[in-house]
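Only heavy atoms go into these numbers, but all of them, side chains included; no hydrogens, no water, no symmetry mates. We name chains A, B, ... by the order of the sequence lines, and we start the count at 1 in each one. In this text, all values refer to a predicted model and were calculated from it rather than measured experimentally.
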There are 2 protein chains.
Amino acid sequence: MELVEARQKFIETWGKLGSEWGINRTMAQVHALLLISPEALTTEEVMEALSISRGNANMTLRDLISWGLVEKQLKPGERKEYFFAEKDAWTIARQVAQERKKRELDPLLKVLNDLSEVKGSEKDPAYKTFKSSVKGITKLSANVNKTLETMIKAEENWFWGSILKIFK
Amino acid sequence: MELVEARQKFIETWGKLGSEWGINRTMAQVHALLLISPEALTTEEVMEALSISRGNANMTLRDLISWGLVEKQLKPGERKEYFFAEKDAWTIARQVAQERKKRELDPLLKVLNDLSEVKGSEKDPAYKTFKSSVKGITKLSANVNKTLETMIKAEENWFWGSILKIFK
DNA sequence: ATAAACTTTCAATAATTTTTGAAAGTTAAA
DNA sequence: TTTAACTTTCAAAAATTATTGAAAGTTTAT
């Protein structure tokens, strides 16, 4: 396969994967493009490479920055902003884990905690089922939470390596 | 909080969570409803409880079945089909992990493998960056893959317990 | 101060995804 | 059979989400 074709395919695949995980396709594609670009790119270059509008490129790049996946680069003597992506896969995974934890898991834990205080009678099957389902999900979420916290703190390689070792 | 309100909130929260993870909101809500229902429900009851159409209820229930999260129950002497959800959180997590692995990770690994065979020159920075990014993602994906395989096989409680222990 | 280079905003539009509901299909009892 | 109970399908409509692009905003150099 030729590089041009392979790059195309990579951008497409990463975009599809993103959209399956609740990340807007264009955002994943811009990320993919920067991932495989040796140099930082301008908004103009991103627009060009992916055939998207200026507004879209701008918003998407800002989003990626807020996810901690992309950074601005300022070149001395130039007005333009350049953008480049963190390339290390483990760092990307940690960054995404951290953001999703903050945006989703933390609020979920809060809600589950509220729900655990529901009032009702132990004789009521609806009450009992509710309680026990919420409890089960709470327990799992708490475990996921702890694991993510550890993952976020963990050094490169260390985490998965350790996990895998115990299963040998 | 009253049970009726809490159930409402749970359904809403689960639905929102689902949509943040690429699962259609209604599907997650139907799942939530069944999760907190002591008895299996009919299509009619699901339609009623969530104010959705027959077509939507039917498709959603079939989807949930294909995800292994919901099962049909046939009551002797009745024509109607009843639906109930697996209630154990760990089993649900495993089931989802298994399905997403099959639907997304396995195909991704295939594509990454193809992409690793791209032709080009080691002098070309675009080639080098492409290769190294793909390699990094491939390595991470392979680790996720192994971990999921283990998780899918693992017994209740065992998996997370083990993970957490090494971080104590 | 003005202009030029560049970035951001956002209302309108387009694309995509989800939902509806009525018709067609299926199954089992009479 | 025929009918009635129930399930499935799918084209059209609605809802949601993403994108555009031109205008407004900002910053720097002169």
- Query: Any side-chain donor paired with an acceptor under 3.5 Å for B:N58 and B:R54?
  - Reply: no

- Spacing of A:M59 atom CE relative to D:dG21 atom C1', expressed in whole Å: 12 Å

- Task: Indicate if A:W90 and A:F84 have the same hydrophobic cluster label, given that clusters are the connected sets of ILVMFWY residues with side-chain heavy-atom separations under 4.5 angstrom.
- Result: no

- Spell out yes or no: do the side chain of B:R54 and the base of D:dT8 have one donor N/O and one acceptor N/O closer than 3.5 Å? no

- How close or far is atom P of D:dT8 from atom CG of B:D63, stated in whole angstroms? 12 Å

- Salt bridge between B:D114 and B:K110, side-chain N to carboxylate O under 4.0 Å? yes

- Message: Membership question, hydrophobic clusters at under 4.5 Å side-chain separation (ILVMFWY): are B:L74 and B:I65 in the same one?
- Response: no

- For A:R79 and D:dG25, what is the distance between atoms CZ and C1' respectively, to the nearest whole Å? 12 Å

- Query: Taking atom C1' of C:dT8 as reference, at what distance in whole Å does atom CZ of A:F83 sit?
  - Reply: 11 Å

- With the side chain defined as heavy atoms from C-beta on, B:K72 is closest, among D:dT8, D:dT20, C:dC6, to D:dT8

- Task: Nearest whole angstrom, please: distance from the C1' of C:dT17 to the NZ of A:K16.
- Result: 17 Å

- Quick note, A:T43 side chain, CB onward, closest among D:dT19, C:dT7, D:dT8 is C:dT7

- Task: Round to the nearest Å and state the distance from B:Q29 atom CD to D:dA15 atom P.
- Result: 16 Å

- Task: Whole angstrom is fine here: how far is it from CZ in A:R25 over to P in C:dT16?
- Result: 7 Å

- Message: Using OP1 and OP2 only, check whether a side-chain N or O of A:N58 sits under 4.0 Å from C:dT8.
- Response: yes

- Message: Can you confirm whether A:F10 sits close enough to A:L35 that some side-chain heavy atom of one is under 4.5 Å from a side-chain heavy atom of the other?
- Response: yes

- Is any side-chain N or O of A:T26 closer than 4.0 Å to OP1 or OP2 of D:dT19? yes

- Message: Reading DNA chain C from 5' onward, which residue's closest nucleotide shows up sooner: A:Y82 or B:A57?
- Response: A:Y82

- Task: Scan A:N56 against the nucleic acid and name what it touches under 4.0 Å (heavy atoms): base, sugar-phosphate only, or nothing.
- Result: base

- Specify the residue among B:S51 and A:E44 whose closest nucleotide of DNA chain C lies further upstream toward the 5′ end. A:E44

- Could you state the atom-to-atom distance from CE of A:M47 to P of C:dC6 in whole Å? 13 Å

- Query: With a non-hydrogen cut-off below 4.0 angstrom, is B:R62 in contact with a base, only sugar-phosphate, or nothing?
  - Reply: sugar-phosphate

